[in-house]
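The structure under discussion appears below in the form of structure tokens.
Residues take their numbers from the sequence shown, with the count starting at 1. Just the heavy atoms: all of them, side chains too, but no hydrogens, waters or symmetry mates, feed the values below. Both counts, for ligands and for their atoms, begin at 1 and track the order of listing.
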Amino acid sequence: MSKKSIILVTGGSGLVGRAIQEIVLLEKRTDETWIFLSSKDVDLCDYDSTKKVFEKYQPTHVIHLAAMVGGLFHNMSHNLDFLRNNLKINDNVLQISFETKVQKVVSCLSTCIFPDKTEYPIDETMVHNGPPHPSNFGYSYAKRLIDIQNKAYNQQHGCMFTSVIPCNVFGPHDNYNLESSHVIPGLIRKLHDTIQKGGTTFNVMGTGKPLRQFIYSLDLAKLFLWVLREYKEIEPIILSVDEQSEVSIKELANEIAKAFDFTGDIVFDTTKADGQYKKTASNAKLRKYLPDFEFTQFSVAIKHSVDWYRQNYKTARN
Ligand code: NAP
Ligand code: GFB
């Protein structure tokens, strides 16, 4: 990166954005100025106000995290909103990055956008090989288009626009709203509320059978900084824990109960959807670049996340 970089982070107030803030603070690099945006600073669905923000900060680099993001149930009930909002946000950020000569943009896809019918493990070459799972087709197509847009800007204008593909992310500063949250913040919030009310039953939705890879947000943040500074490909790169680290929702629920020292009953409501059974991703490409990267142990990361919520639930995004 050039001598003095100005890095603009869209979605800077969210789960991943706050983790990047924490890592950047720890690093204290003098050659980089960081700006973290939230929707209070600008509605990225709006071209004109987005252009004004870019003209104000004149970023040399952009980490593009901002998106309408949600768990399985929120996606199932709002596919059109996920599609339209994310298409608008992504088109504005990429077009305005091009217009204002941003040197590099790193955007965010997700392992849940891969084809529903596929071989495993999935890898970066398989993004467009078939329709996504029906539960989140809106979000998935909007995200897949980022990869297409990156290639078009690079082919026509030589732009260094690339993307990363994280698996499911969790950690402090997550979204704990029960309508829209992902499974880990949803279960942390629910068990916390149950314990506060003196309850002895921990209700988990679905069968508990689906499998997921979960990456701790602070680990993802470190990988994001490496991609920003060192990764030179336009092709996306999966940022996921190893395949062997995949856990079932049932194992996850047990881990969360353990972190709360909860010894009551864990009950599975099988009337609720399971969503994708699995989306096992290969991190072989990442491992080729960073063979020694160490992920935080899952039980330790879950404990940190639970403890953070217990200390901050009054001000957390509920
Ligand atoms: P998050 O916690 O929901 O944060 C979303 C961020 O986007 C917030 O800062 C939010 O601002 C901002 N935002 C949303 N709509 C906006 C708009 N119209 N204008 C301006 N800002 C807007 O999401 P996250 O979990 O950090 O996700 C970050 C990125 O990682 C997303 O691109 C997501 O698709 C991707 N990802 C997430 C996961 C996961 O499991 N969480 C997995 C794979 C990929 P406010 O705070 O003001 O609302
Ligand atoms: O994180 P999650 O909502 O989304 O996980 P996905 C859903 C799985 O957790 C399903 C079970 O098997 C649910 O039955 N589950 C159990 C719960 N209890 C709960 C709960 O209280 N809340 C939630 N949300 N789930 C998403 C995609 O898929 O992955 C998004 O839909 C996004 O687009 C995200 O990309 C990363 O992992 O199934």
Side-chain angles (χ1 to χ4, degrees), residues 9-20 36-46 49-50 53 63-76 78-79 82 85-86 88-90 92-93 107-114 132-140 142-143 146 163-171 173-191 202-215 217 220-221 224 238-240 248-250 252-253 256 266 268-279 281 317:
V9 182
T10 73
S13 54
L15 164 69
V16 180
R18 293 296 296 263
I20 292 176
F36 293 88
L37 297 177
S38 82
S39 62
K40 292 176 196 61
D41 302 303
V42 60
D43 176 0
L44 294 168
C45 288
D46 177 74
S49 35
T50 303
V53 163
I63 292 184
H64 174 37
L65 303 174
M68 180 176 177
V69 181
L72 166 67
F73 301 103
H74 197 215
N75 272 272
M76 284 169 70
H78 291 80
N79 266 297
F82 275 93
N85 286 332
N86 288 318
K88 283 183 211 164
I89 291 170
N90 297 335
N92 285 336
V93 170
S107 298
C108 222
L109 279 57
S110 165
T111 54
C112 74
I113 71 169
F114 280 94
H133 191 268
S135 61
N136 67 344
F137 71 88
Y139 174 85
S140 295
K143 285 292 185 178
I146 292 178
S163 64
V164 298
I165 312 181
C167 57
N168 288 44
V169 190
F170 72 99
H173 304 285
D174 208 331
N175 164 20
Y176 301 86
N177 174 290
L178 293 182
E179 297 301 311
S180 59
S181 72
H182 289 104
V183 59
I184 291 181
L187 290 181
I188 289 176
R189 160 83 189 271
K190 280 198 272 193
L191 187 49
F202 178 19
N203 290 300
V204 180
M205 295 197 271
T207 65
K209 293 201 175 88
L211 301 170
R212 294 290 183 271
Q213 289 158 294
F214 293 107
I215 187 167
S217 58
L220 179 61
F224 243 112
I238 287 173
L239 302 183
S240 172
S248 70
I249 298 299
K250 181 175 183 186
L252 165 67
I256 290 172
I266 302 178
F268 292 89
D269 176 358
T270 53
T271 66
K272 297 288 187 310
D274 270 345
Q276 288 170 285
Y277 172 64
K278 66 180 202 170
K279 37 185 170 176
R317 287 187 288 161

Residue set satisfying ring-ring contact (aromatic ring centres under 6.0 Å, His included) with Phe170, at least two apart, ordered chain then number -> Tyr216, Phe298

The answer, listing residues by chain and number that come under 4.0 Å of ligand 2 through any heavy atom, is Gly70, Gly71, Leu72, Phe73, Asn75, Ser110, Cys112, Asn136, Tyr139, Asn168, Ser181, His182, Val183, Leu187, Lys190, Val204, Met205, Gly206, Pro210, Arg212, Ile249, Ala273, Asp274, Lys279

Across all chains, not counting sequence neighbours, the ring-ring contact (aromatic ring centres under 6.0 Å, His included) partners of Tyr176 are Tyr309

Q | pair Leu15-Arg317: side-chain heavy atoms closer than 4.5 Å | A | yes

Near ligand 1 (heavy atom, under 4.0 angstrom), the protein residues are Gly11, Gly12, Ser13, Gly14, Leu15, Val16, Ser38, Ser39, Val42, Asp43, Leu44, Cys45, Leu65, Ala66, Ala67, Val69, Ile89, Cys108, Leu109, Ser110, Tyr139, Lys143, Pro166, Cys167, Asn168, Val169, His182, Arg317

* Flag, side chain of Asn168 to backbone of Phe214, donor-acceptor distance under 3.5 Å -> no

Are His74 and Met68 packed together at the side-chain level, in the sense that at least one heavy-atom pair is separated by less than 4.5 angstrom?
yes

- Task: Please tell me if the side chains of Pro185 and Asn175 come closer than 4.5 Å, counting only heavy atoms from C-beta onward.
- Result: no

4.5 Å side-chain heavy-atom contact, Cys108 and Val164 | yes

Are there over 12 heavy-atom neighbours, none belonging to Lys250, within less than 6.0 Å of that residue's NZ? no

Between Phe224 and Val9, is any pair of side-chain heavy atoms under 4.5 Å apart? no

